[in-house]
**Q** 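Please see the structure below; I have some questions.
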Amino acid sequence: MEEKGTEWLLFAVHRLVSWGASAAMIFGGIVPYIPQYRDIRRTQNADGFSVYVCLMLLVANILRILFWFGRHFESPLLWQSIIMILTMLLMLKLCTEVRVANDLNTKRRLFTDFDMNFFWHWSRFTDYVQCVLAFTAVTGYITYLSLDSVLYVETLGFLAVFTEAMLGVPQLYRNHQNYSTEGMS
């Protein structure tokens, strides 16, 4: 009888540790952006944060979700991608609001202008959402047509991982341009 109780306890501890690990995997990726978000909101200055970090994480996580349709992986990683996309959209919304409020330039830039000189420097949050939706629709359609190709699916997975691995490059470039890490969390 005592052995049955020990088994039950071990099962319960194992389940609890498994849930804790899954929660850490799902929400662990957004933790570094919480102080960054709070700092930008408090100072009303987003100059130290590169919005290209948001672009890279959005692309990487959209590609990872599309990869899931070709090769299923663990659910916590799928949820991590969804949570990260929502987090990056929140960061973009805040950065756009702060930049527009502090910008003296009356000329507004739009996604539909298709001006590559101002790519990812738009004046409205909705333009970022339009771009993300357009990217998701195009890559989603291509993925739908190519799901039978192992080469395509594996390339999609590689691009997702590679994009995420290069995440530090936009922030490094921004720091180099500013000759400073001021405002970076």
Side-chain angles (χ1 to χ4, degrees), residues 3-41 46 49-96 120 125-126 128-174 184-185:
E3 187 176 304
K4 198 82 149 157
T6 306
E7 275 184 42
W8 180 84
L9 180 64
L10 285 175
F11 176 77
V13 168
H14 179 267
R15 178 68 64 137
L16 187 64
V17 169
S18 177
W19 284 347
S22 292
M25 198 181 312
I26 292 169
F27 296 105
I30 67 167
V31 169
Y33 297 99
I34 295 170
Q36 184 75 55
Y37 183 92
R38 292 178 65 184
D39 187 47
I40 292 170
R41 186 179 263 332
F49 181 74
S50 173
V51 291
Y52 287 111
V53 169
C54 296
L55 172 64
M56 293 190 72
L57 277 171
L58 285 167
V59 168
N61 285 286
I62 290 166
L63 292 177
R64 189 191 307 171
I65 290 170
L66 293 174
F67 174 71
W68 182 84
F69 288 103
R71 180 188 264 194
H72 292 289
F73 49 79
E74 291 185 29
S75 297
L77 289 174
L78 180 63
W79 282 107
Q80 178 191 53
S81 291
I82 294 166
I83 298 295
M84 184 59 77
I85 288 169
L86 294 174
T87 302
M88 289 302 104
L89 289 173
L90 282 172
M91 288 294 293
L92 274 174
K93 184 172 182 357
L94 177 64
C95 290
T96 304
W120 214 250
F125 173 67
T126 55
Y128 292 98
V129 173
Q130 287 173 350
C131 182
V132 169
L133 289 175
F135 174 77
T136 304
V138 169
T139 54
Y141 183 68
I142 293 169
T143 300
Y144 173 74
L145 294 176
S146 306
L147 272 178
D148 294 336
S149 169
V150 174
L151 179 62
Y152 176 81
V153 171
E154 294 301 320
T155 302
L156 194 63
F158 169 77
L159 289 174
V161 171
F162 182 75
T163 304
E164 196 164 3
M166 299 304 291
L167 180 61
V169 173
Q171 190 64 53
L172 181 69
Y173 182 69
R174 164 75 103 200
M184 187 179 104
S185 177

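On a predicted model such as this, the values are computed, not experimentally measured, just so you know.
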**Q** Shortest non-hydrogen contact from Cys95 to Ala46?
**A** SG-CB, 3.9 Å

**Q** With rounding to the nearest 0.5 angstrom, report the SG to CH2 distance, Cys54 to Trp120.
**A** 7.5 Å

**Q** Would you give the length of the straight line joining atom CE of Met25 to atom CD1 of Ile83, rounded to the nearest 0.5 angstrom?
**A** 14.0 Å

**Q** Which pairs count as salt bridge (Lys or Arg N to Asp or Glu O under 4.0 Å) when at least one residue sits in residues 128-155, sequence neighbours excluded?
**A** Arg71-Glu154

**Q** Rounded to the nearest 0.5 Å, what's the gap from OG1 on Thr143 to CG on Leu147? Could you check?
**A** 6.5 Å

**Q** Which word best sums up how the rings of Phe73 and Trp68 line up, parallel for under 30°, tilted for 30 to 60°, or perpendicular for over 60°?
**A** perpendicular

**Q** When Ile85 is tested against each of Thr136, Leu90, Leu57, Ile65 for side-chain contact (heavy atoms from CB on, under 4.5 Å), which residue passes?
**A** Ile65

**Q** Does Phe162 form a ring pair (Phe, Tyr, Trp, His ring centres under 6.0 Å) with Phe158? I'd like the steps, not just the answer.
**A** CA-CA 6 Å; Phe162 182 75; Phe158 169 77; 5.6 Å; yes

**Q** Checking Phe135 against Leu58 for the side-chain contact (heavy atoms from CB on, under 4.5 Å) test, could you report, in this order, the C-alpha distance in whole Å, the side-chain angles of both residues, the deciding distance, and whether it holds?
**A** CA-CA 10 Å; Phe135 174 77; Leu58 285 167; over 6 Å; no

**Q** Which pair of heavy atoms, one from Pro32 and one from Pro35, lies closest together, and at what distance?
**A** O-CD, 3.5 Å

**Q** So with a 6.0 Å cut-off around NE2 of His14, is the heavy-atom count from everything else above 12?
**A** no

**Q** Strictly distance-based, threshold 3.5 Å: is any side-chain N or O of Ser22 a donor or acceptor partner for the main-chain N or O of Ser18?
**A** yes

**Q** Could you check whether any side-chain heavy atom of Leu89 comes within less than 4.5 Å of a side-chain heavy atom of Tyr128, counting everything from C-beta outward?
**A** no

**Q** Nearest 0.5 Å please: distance from the OG1 atom of Thr155 over to the CG atom of Leu63.
**A** 11.0 Å

**Q** Once you round to the nearest 0.5 Å, how far does CG of Leu77 lie from CG of Asn61?
**A** 10.0 Å

**Q** Ignoring hydrogens, what is the shortest heavy-atom contact between Met91 and Ile40? Give both atom names and the distance.
**A** CE-CD1, 4.1 Å

**Q** Determine, step by step, whether Ile142 and Tyr152 satisfy the side-chain contact (heavy atoms from CB on, under 4.5 Å) criterion, reporting the C-alpha distance in whole Å, the side-chain angles of both residues, the deciding distance to 0.1 Å, and the verdict.
**A** CA-CA 10 Å; Ile142 293 169; Tyr152 176 81; 3.6 Å; yes

**Q** So, taking the atom named CG in Leu167 and the one named CD in Glu164, what distance separates them when rounded to the nearest 0.5 Å?
**A** 7.0 Å

**Q** Of the non-hydrogen atoms in Ile26 and Pro76, which two are nearest, and what is the gap between them?
**A** CG1-O, 3.5 Å

